[in-house]
Amino acid sequence: MSGQTLFTAPPKTKNPLLAALLSLIIPGAGQLYLGARNVALAIFATTVVLAFLIWFTLENFRVGQIEIGGVETSWLWLLFAAFWLWNVFDAYQRARGKTTSRLLSFGIPILLIYIIAWQVTDANFPRLVTRFNDVKIIFDALLHPDLFTRDTETQQGATTIWIPCSNPPQTTPPGGNSGLPVGVDKVCGTVGDPLAMAGRGFKPNTTGNIYWQEYGGTNEAQVRSGGQPVVVTTDANGNFVTSFDIPAFAGRDGLDPNAPTVQGIQARFVQEVGAIRPSENFHVLIGSIQQVPAPEWMVSLGIRSPDDTVPRFVPGGIFVTIGLGLMATLISIVIAAPLSFFGARNVMARVRGGTIIYYIARGIFNIVRSIDTLIWAIILVTWTGLGAFTGLLALSIHSIAAIAKLYSEEVEHTDPGPVEATTAAGGNLLQNIRFALIPQIIPSFLAYSLLRWDINMRSATVVGFVSAAGIGFYIVESIRKGGYHEYAAALWCIAIVVLIVDYLSAYWREQIVKNENKISTEPPKPFYKTRRGIFYTILFILVFIASWNLAQIDLSKLLEPAPTFASVIYDFVTVDLSIPVWEQIVRQMLVTIFQALLATTLGAILALPFAFLAAKNITGRSPRTRWIYYAARFILSFLRSIEAILYVAIFVFWVGIGAFAGMLALSVTTFGLIGKLFSEAVENIEEGPVEALTATGANRLQSIAFAIVPQIVPPFISYAIYQWDINIRLATIIGLAGGGGIGQLFANYTGQLQYHKAGAVILAIVVVVTMMDFASAKIRERLV
Amino acid sequence: MLRIEHLTKVFPNGTVALKDVSFQVPDGEFLAVIGLSGSGKSTLLRCINRLIEPTSGKIIWNDVDITALSQAEMRNVRRQIGFIFQQFNLVKRSSVITNVLTGRLGYVGTVQSLAHYFSKQDTERALNNLDRLGLREKAYVRADSLSGGQQQRVAIARALMQEPKMILADEPVASLDPVLSHSILKYLEQLNKEDELTVLCSLHFLDLVHRYATHAIALKDGQVVFQGLPQEIDDAQFKAIYGQDAQRVSII
Ligand SMILES: Nc1ncnc2c1ncn2[C@@H]1O[C@H](COP(=O)(O)OP(=O)(O)OP(=O)(O)O)[C@@H](O)[C@H]1O
Ligand SMILES: [Mg+2]
């Protein structure tokens, strides 16, 4: 049966029962028989994919496992059968010129996929609630980042007591009071006895705590009552009274009435005094001013003698990160700009053999950029070792490929007319590029470079996870030590820096689009002779030198790879394609893909109401609601300014290590990113249709349903798919921080020096990311 | 003297744009090329300086067979032939003077020009050419801030920088309104008369042909269907060139 003749055959000859029968035997065959080739293909592919997923996840994750007569199977086959039956019904109806429910056709596969995704990523939302108390510590830390501190002043008064009472009880207290006058209502007592305490002479209206102390020793315990620390408050005269039970701590040496011990009870009032000043952690994160020996140039100019010291700013972790972001952007611009011409079809068409070069260039760009910066960093560590320089290389490599692709597309979008004109005037290839192409692409190149700076800045905050330098490393260390206040401080620093870069990048891009056009009759002064030009040149040089130093650029390292480097690269290239490895990879890849799917769904659902709150045309117009607009925007910007992998620590603490934590971390960033995209879609709503409907007498709800919803649903879906694509890229690395998925597998393999297998993981990542990229672009094209 | 002999162009997709076209253009002539849209006018003009590679046939200019030249030799020929485009083809974001200076690219060294270095004389010459076209004071504004007619004058100034012996103009006035059309064609006429440049110019309107051209050739489906003086195009000829349903229209 050739498709050709079936296609042209008149519809009367189609037999509904035959169509149904065909589809019953092979899903989609009936539809193919009826000439609906795309539908047939889609149905067949869906059936195959679903069958694979149900089988594979039953074997590997015990998804939907049930036992029927001693045979283990998955109840999801029921849903699968429902889809199969729908396909039969669809073929039957189609042959009779009728349609079937779309809800079923899309609903069953989607339902199946979400059920599987839920189980594979180990989603356990109740844990978010049941473990909420534990995670309060982190939220508290987030609100109190360790950046600033104040000096403290301590007031204390201590008294003593016999533990336990002897027989007969002591009549005089042990004595040995110290500090301000305090006293208790007993001379002796045992664990659990109620005790009243009073004191005077303290600062009025302040609070303090009670400590039980080993007399003459250093051990002490804070006195608690009902689990909470006892808090005492002084009155207006500086007196206090309180009562509590003698704590168990008092009996740690035993309670022998024949050998009572003297124990201390201290009231301690610690107060913050003086000005707020940067904490120790502030210096580590941001920097400090230190006295260093005078630099050579000062000595040689005679400004300072060799023994002098001069104050110098010693930059902290965040500056290393800023330097990395800047330097990586600069390097990638310089290298990607010329490379991009090899990836431009219109330029390569003018060179012999250019088309082949074009495909090679584009292929390399796509492969390199589908491997995340962090994975590059892991690979590069084997070459240049740990340190900021490796981070810089990883950032640069990924960035070169990403930006070269964008540049290439921009070169392809240029107007061929000017090139024709310079050719006609006798220009050669280089001259044509210089005079007819470059002036056309400069604005978009600049805009993309600025955008990339923003992206690189974000990546630079996490590259330290691997390369052990910059703020990412600091975060790893603080999490390891359980220093959540330090972790919080780092997050705040990152958010502030990224928000500033985000703003600057957007502002400058806007300026480029405005492209001011000055009218003058004089030839313009060359850039380097104008005052602005000189200022920017000097600024650029200073920033460049600073970044160079911060990134610890050491080109000699490139020439002195670690001794094992060659064998490592060999291992990476000769990938291990054996079945057990692939089973592992498919398994973890599914986790990654489903993590991305669920995170996108969760983030999008949460972002939906937020998008309206953060849309200028909804909340931004009226002065009464404008604060909502700004607050919503700020929350979105703040959340997306921090890379998903940095959130993983919070969720690992909350719900435990694994795919669920990674998924949640991902959904926080997704929320920020997609919320912004959604709100822009809302802002782009045209008022016209709303007005038209209102004019016909529709009420508010009706006009929302018929004029607004149709306008925002396609962009929302399109953005969600785009976000899924991005999330798969992000999900590939989330495992490096304990978030499960393919990243974790990669980290395990490299950690065990199994580079053959790690190479296979990279191969899988490249394939999946590229396919998703392609598919998402195609689907979005269709939607718009 | 420009001699076109049996010129044929078949595009890779199989379109035969020119079919065995032969004609001669003596030096100093103003030749109008007319014909319907799609008849092959642009293809013909672009073949002459090999912006399009001809499939077969010869183009002999001053006894040199252009079709047989190497790419490097072709640059030398191209710089002697100014080309003027319907869409002006200026680099919109560059200044007017930079656009004009690109007309010198065939003369200056690659390295020099890549550094945007042009000699004093070249800059001087650029300003003079702009002066001649009444655009001296626009030299340092960006090209996209000019009107269409001004942009086409910049394009002429750019062609003049080549010190051309011949000018090929592909519908130079098709994007302009009638008044501007005359001003642009007058400049071409001036170059033809005063500087004695050969001009090949494709045109849409017959009255422009009558007014400016010394000779005319007409193309139809890639073949020459008329050769001679503009006055010789009578109604029968007109119908042969433009089809039975065509009406004569005039602009101003
Ligand atoms: N690059 C190309 N590839 C394929 N066919 C082409 C190409 N350029 C032109 N053609 C075809 O060659 C024929 C002649 O085109 P040409 O542009 O020379 O016509 P024209 O007379 O200049 O028309 P117009 O008045 O519309 O500019 C047309 O059928 C056109 O479709
Ligand atoms: Mg044309």
Side-chain angles (χ1 to χ4, degrees), chain A residues 337-338 341 345-346 349-355 410-411 413-447 511-530 533, chain B residues 45-46 48-52 71-72 74-95 97-99 101-116 123 127 136-145 155 158-159 161-162 164 168 170:
Chain A
F341 289 93
R345 207 179 205 134
N346 52 346
R350 291 168 176 271
V351 184
R352 269 234 233 133
T355 321
E410 225 28 65
V411 172
H413 289 153
T414 50
D415 174 11
V419 180
E420 205 174 22
T422 49
T423 313
N428 59 30
L429 184 71
L430 285 178
Q431 286 174 325
N432 294 342
I433 290 177
R434 164 71 181 79
F435 283 94
L437 263 188
I438 290 181
Q440 290 191 54
I441 54 185
I442 278 185
S444 41
F445 267 40
L446 277 178
Q511 294 297 311
I512 291 169
V513 176
K514 275 193 202 155
N515 70 54
E516 78 316 352
N517 186 2
K518 278 180 261 128
I519 308 286
S520 73
T521 46
E522 285 301 300
K525 270 192 190 173
F527 180 72
Y528 52 86
K529 280 188 186 160
T530 62
Chain B
L45 292 175
R46 280 178 163 76
I48 293 176
N49 73 346
R50 274 176 58 193
L51 285 179
I52 293 176
Q71 278 300 326
M74 196 55 223
R75 280 189 69 201
N76 274 327
V77 173
R78 276 195 187 129
R79 69 183 192 191
Q80 300 173 52
I81 304 176
F83 204 107
I84 294 172
F85 301 86
Q86 178 183 342
Q87 298 301 339
F88 327 134
N89 286 356
L90 298 184
V91 182
K92 296 211 167 60
R93 289 180 38 85
S94 295
S95 67
I97 186 141
T98 304
N99 270 291
L101 282 168
T102 56
R104 288 309 281 176
L105 288 180
Y107 290 88
V108 295
T110 307
V111 178
Q112 248 173 308
S113 59
L114 290 186
H116 205 283
T123 314
L127 290 171
R136 171 71 218 244
E137 74 286 1
K138 299 283 189 192
Y140 295 102
V141 305
R142 264 172 47 168
D144 56 5
S145 67
R158 174 176 63 191
M161 288 304 284
Q162 297 173 229
L168 307 174
D170 186 15

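Within every chain, numbering begins at 1; the chains are lettered A, B, ... in the order of the sequence lines, protein sequences first and strands thereafter. All values below were derived from every heavy atom in this structure, side-chain atoms included, with hydrogens, water molecules and symmetry-related copies excluded.
Closest approach of R75(B) to G427(A), counting heavy atoms only: NE-C, 3.9 Å. Closest of all the heavy-atom pairs between N89(B) and G417(A) is ND2-O, 3.0 Å. Minimum heavy-atom separation, V108(B) to Q431(A): O-NE2, 3.5 Å.
The interface of residues 436-446 of chain A with chain B, defined by heavy-atom distances below 4.5 Å, comprises A436(A), P439(A), P443(A).
With a 4.5 Å cut-off on non-hydrogen atoms, Q87(B) does not touch chain A at all. Within the 4.5 angstrom heavy-atom criterion, no atom of R104(B) approaches chain A. In this structure, the portion of L51(B) lying under 4.5 Å from any heavy atom of chain A is its side chain and not its backbone. Contacts between R50(B) and chain A at a heavy-atom distance below 4.5 Å are absent for every atom of the residue. No part of V77(B) comes within reach of chain A, as not one of its non-hydrogen atoms sits under 4.5 angstrom from that chain.
Looking at heavy atoms from C-beta onward, R434(A) lies out of side-chain contact with L105(B) at the 4.5 angstrom threshold.
Side-chain atoms of R78(B) do not come within 3.5 Å of backbone N or O of A424(A) as any donor-acceptor pair.
Taking N428(A) as the reference, T110(B) meet the side chain to side chain donor-acceptor pair (under 3.5 Å) condition, with sequence neighbours excluded. The ring-ring contact (aromatic ring centres under 6.0 Å, His included) test applied to H116(B) returns F435(A), F118(B), not counting sequence neighbours. Q86(B) is linked by a side chain to side chain contact (heavy atoms under 4.5 Å, CB included) to E171(B), A174(B), S175(B), counting only residues two or more places apart in sequence or in another chain.
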